[in-house]
Amino acid sequence: MRQCGGGGPACAQPRAVGTRARGPGDKVDAVITRLSNYFLRTLREDPSDAEVTSHRLLVRAGYIRRQAPGVFAWLPLGLRVKEKIERIIREEMNNAGAHEVHFPALLPREPFEITGRWEEYGDGLFRLKDRKGSDMLLAPTHEEAFTLLVKDLYNSYKDLPLSLYQIQDKYRDEARPRAGLLRGREFTMKDAYSFDYTDAGLDKSYQAQRDAYERIFTRLGLEYVIVKADAGAMGGSKSEEFLHPTPIGEDTFVRSAGGYAANVEAFTTLAPEPRSFEGLTPAEVLPTPDTATIQTLVDSANANHPRPDGRLWTAADTLKNVVLALRYPDGTRELVVVGLPGDREVDQKRAEAAFAPAEVEPANEDDFKANPGLVKGYIGPWSAAGPVLGADEENPSSTGIRYLLDPRVVSGSGWITGANEHGHHVFGLVAGRDFTADGTVEAAEVLAGDPAPDGSGPVELARGMEIGHVFQLGRKYAEALGLKVLDENGKLVTVTMGSYGIGVTRILAIIAELNNDENGLIWPKTVAPFDVHVVATGRDAAVFEAAETVAAALEAAGKDVLFDDRPKVSPGVKFGDAELIGVPTIIIAGRGVAEGVVEIWDRRTGERTPVAISEVVEALG
RNA sequence: CGGGGCGUAGCUCAGCUUGGUAGAGCGCUCGGUUUGGGACCGAGAGGUCGCAGGUUCGAAUCCUGUCGCCCCGACCA
């Protein structure tokens, strides 16, 4: 930690605990939480609008209530779990040397205008006007706000490095919110930002956050995979996502046994070596009627134009040329043609990552009408009359459309591809000899078994849910907003930044998703709303007194206790509610009380153990 | 944005085809019985049937429009 001498803003200390005055675990007094007057209503039936398990159970057990699509109110039980998760995050952020702050969700347009995000965010941004007609927004993240805050207060390299964080609600107007808390329009996020004046410093800050994330997810008991992420769109240099592997995840990632892991958008193709043209036969145009699809082309080729070596043609021997339309943020539209092996489709997400910030859509009928040189179903870079796509200065192509190749289409590789003549393909067309391209592009889908780019073996595909993201932003925001400091030599240098996010409410939902059975939730001890749920059964006053004694003793021993003291509620209802709510340890006071005994019920295993009342505190450690 | 489904009591739903004074279970209130797995009896409170037009003597029900919600896809940290 830096020296803190003569006061000033640099000396703000991270707080040991959170900003909230009180949370679970803080022993301000020993008032027992009684279910008889707790704000809770459990539902006997599943809510009809909840599909996924976490959503269903969190609503049914009285943790959250829906307010609008993707927007939820937090009830006392839900708040307690949320605060437990936040506490773990706060502890690790503070350990990593980050200082907690808190920004408003409501922000002015101007800084977002300057960084370009007012436009780039598109419909995903919640925009509103104040009474004077000024544009405001509900922040989707806070890069601009943090950058400007630091610019306001700091101007020397001596103030750096600096890491700030907040735990705060974010707003994104999702096209389709779904799955309860898993994809909401309002969600709680821990977002942190680091400020350095050297690249080495950024690396260090980034690593500190990354390490903290590993500790956080480990403490939360969440399995995670750190994958390379696509950094291009945000203009940054390095980016990794923490994905929780789960079939319901919305991200597809790849990993190899040798340790490579990447989001599919960030996967890079291991290209084969270029080959010599020597010994290759000249290209030949052959009739291939009615072969507008790859499969019909392969069948036709095998039937009518078999390979000289006896092997059958496959889709991988064909070069498929896909016409895409790129739509740029400024409204311009450009056609490109992507050439890729015929056994692969264009992956739209990968294409968009490659062509960012443009959006990608398939070419439409009008595009083909405007470019008669592209013969639908028979598109190729070459024609008898000269290049159609991807020529050089000496040999301009007839269409002038940008032509980009999959990295597998290396120089010296031969292909069957469209001859730009209806009903005809050209066989043995060799890249580098017979046609050229304007470059390569990572737009083809990734298939299981593809080699990892680092040579660590074939990859498998898996689904994951993003729970954290660490990102070296570099100087993009500092540059745009003018965040500079004086360095050791008295020169103004632009600050380099990182941003680091964790989805708090999404994590809560994933934990719920992972920890339940047919009767309800089963919280891990680290995040459970209470440590112990004491149930008094029956109507015998002695039982209620004994239960209260146990509850008070546990409170005094530092446990968070929920006491089901509801009178005139049958044991079946109380047991059902206890299971639904999911506190990991339940204590049942009932007929054993006469012998001085209660039962400790493990929610997860279902095991019930009789324990003397006097030994309950000790038994629970 | 495309496809599908649904809007009736706090919750889950029936009634709509074939128009005739708005229902059930659960929950809630009161009284009583019951109390180790969502017990029961009796008495209650609670709904302009999403909204707006139209047809009709009469509309939850038929017609038109509209709004909203959920699911799948597209999209998306």
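Per chain, numbering begins at 1; letters A, B, ... match sequence-line order.
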### Task
Quote, to the nearest angstrom, the P distance that separates B/C51 from B/A59.
15 Å

### Message
Need one value for A/S48: base, sugar-phosphate or nothing, where a base atom within 4.0 Å counts as base even if backbone is also close, heavy atoms only.
### Response
sugar-phosphate

### Summary
If pairing means Watson-Crick or G-U wobble with both distances under 3.5 Å, then the partner of B/C76 is none

### Task
Provide, to the nearest angstrom, the distance between the CZ atom belonging to A/R539 and the C1' atom belonging to B/G32.
12 Å

### Message
Check whether A/Y500 reaches the backbone of A/S194 with its side chain - one donor and one acceptor, N or O, closer than 3.5 Å.
### Response
no

### Query
Looking only at atom C1', what distance separates B/C57 and B/G46, rounded to whole Å?
31 Å

### Query
Partner of B/G42 by Watson-Crick or G-U wobble geometry, both contacts under 3.5 Å, or none?
B/C30

### Task
Give a yes or no on this: more than 12 heavy atoms of other residues, nucleotides or ligands lie within 6.0 Å of atom CZ of A/R65.
no

### Task
Mind calculating the distance between OH (A/Y121) and C1' (B/C75) to the nearest angstrom?
13 Å

### Query
B/G10 and B/C28: how far apart are their P atoms, nearest whole angstrom?
15 Å

#### Entry: Selection from B/A77, B/U12, B/C72 that lies nearest to any side-chain heavy atom of A/R176
B/C72

### Earlier contact from the 5' end, RNA chain B, for A/G538 and A/E466
A/G538

#### Entry: Euclidean distance, atom CD of residue A/E250 to atom P of B/C71 [Å, nearest integer]
12 Å

### Task
Nearest whole angstrom, please: distance from the C1' of B/G73 to the CD of A/E51.
15 Å

#### Entry: Nearest to side-chain heavy atoms of A/V573, which nucleotide of B/A39, B/C69, B/C71
B/A39

### Task
Can you tell me the pairing partner of B/C69 across any strand shown, Watson-Crick or G-U wobble, with both distances under 3.5 angstrom?
B/G5

### Message
Tell me the interatomic distance from A/K574, atom NZ, to B/A39, atom P, rounded to whole angstroms.
### Response
13 Å

### Query
Counting only N and O atoms by type, is there a donor-acceptor contact under 3.5 Å from the side chain of A/R506 to the main-chain atoms of A/L182?
yes

### Task
Return the value, rounded to whole Å, for the distance between atom CZ of A/F72 and atom C1' of B/C70.
12 Å

### Parallel, tilted or perpendicular: ring planes of A/F530 versus A/Y38, cut at 30 and 60 degrees
perpendicular

### Query
Of all the choices, B/C76, B/A39, B/U35, which nucleotide is nearest to the side chain of A/K568 once you look at every atom?
B/U35

### Message
Ring-plane angle category for A/F126 and A/Y171, please: parallel below 30°, perpendicular beyond 60°, tilted otherwise.
### Response
perpendicular

### Task
With P as the reference atom in both, quote the distance from B/C63 to B/C70 in angstrom, rounded to an integer.
26 Å

### Query
Reckon A/G590 touches a base, only the sugar-phosphate, or nothing at all at heavy-atom distances under 4.0 Å?
base

### Query
When rounded to the nearest Å, what value does the distance between C1' atoms of B/A60 and B/G47 take?
11 Å

### Query
What do you reckon, is CD of A/Q67 surrounded by more than 12 foreign heavy atoms closer than 6.0 Å?
yes

#### Entry: Counter-base of B/A22, judged by Watson-Crick or G-U geometry with both distances under 3.5 Å
none

### Gap in Å between the two P atoms, one belonging to B/C62 and one to B/C75, rounded
38 Å

### Query
Ring of A/F471 versus six-membered ring of B/A77: centres under 5.5 Å and planes under 30°?
no

### Task
Could you check whether the rings of A/F217 and A/Y213 sit parallel, tilted or perpendicular, using 30° and 60° as the cut-offs?
perpendicular

### Task
Let me know, please, whether A/G180 or A/A175 comes out on the 5' side of the other along RNA chain B by nearest nucleotide.
A/G180

### Message
Can you check the distance between B/U61 and B/U18, where both ends of the measurement are the P atom (answer in whole Å)?
### Response
14 Å

### Task
Look at all strands and tell whether A/P140 reaches a base, only sugar-phosphate, or nothing, counting heavy atoms closer than 4.0 Å.
nothing

### Query
Looking only at atom P, what distance separates B/U64 and B/U17, rounded to whole Å?
15 Å

### Task
Name the nucleic acid region contacted by A/R66, choosing base, sugar-phosphate or nothing; use a 4.0 angstrom heavy-atom cut-off, strictly under.
sugar-phosphate

### Query
Between the base of B/C70 and the side chain of A/R178, is there any donor-acceptor pair under 3.5 Å?
no

### Task
Assign A/E174 to base, sugar-phosphate, or nothing according to its heavy-atom contacts below 4.0 angstrom with the strands shown.
base

### Query
Is the distance from OP1 or OP2 of B/U35 to the nearest side-chain N or O of A/T537 less than 4.0 Å?
no

### Summary
Scanning all shown strands, the Watson-Crick or wobble mate of B/U35 with both distances under 3.5 Å is none

### Query
Rounded to whole angstrom units, what separation is found between the CG atom of A/D123 and the P atom of B/A77?
13 Å

### Task
Look at all strands and tell whether A/D577 reaches a base, only sugar-phosphate, or nothing, counting heavy atoms closer than 4.0 Å.
base

### Query
Checking only heavy atoms, does the side chain of A/E45 share a donor-acceptor pair with the base of B/G25 at less than 3.5 Å?
yes

### Message
Consider salt bridge (charged side-chain N to carboxylate O under 4.0 Å, His left out). Of A/R87, A/K190, A/R219, which one does A/E92 pass it with?
### Response
A/R219

### Query
Are OP1 or OP2 of B/G25 and a side-chain N or O of A/R44 less than 4.0 angstrom apart?
no

### Task
To the nearest Å, give me how far apart CG (A/L138) and P (B/A77) are.
18 Å

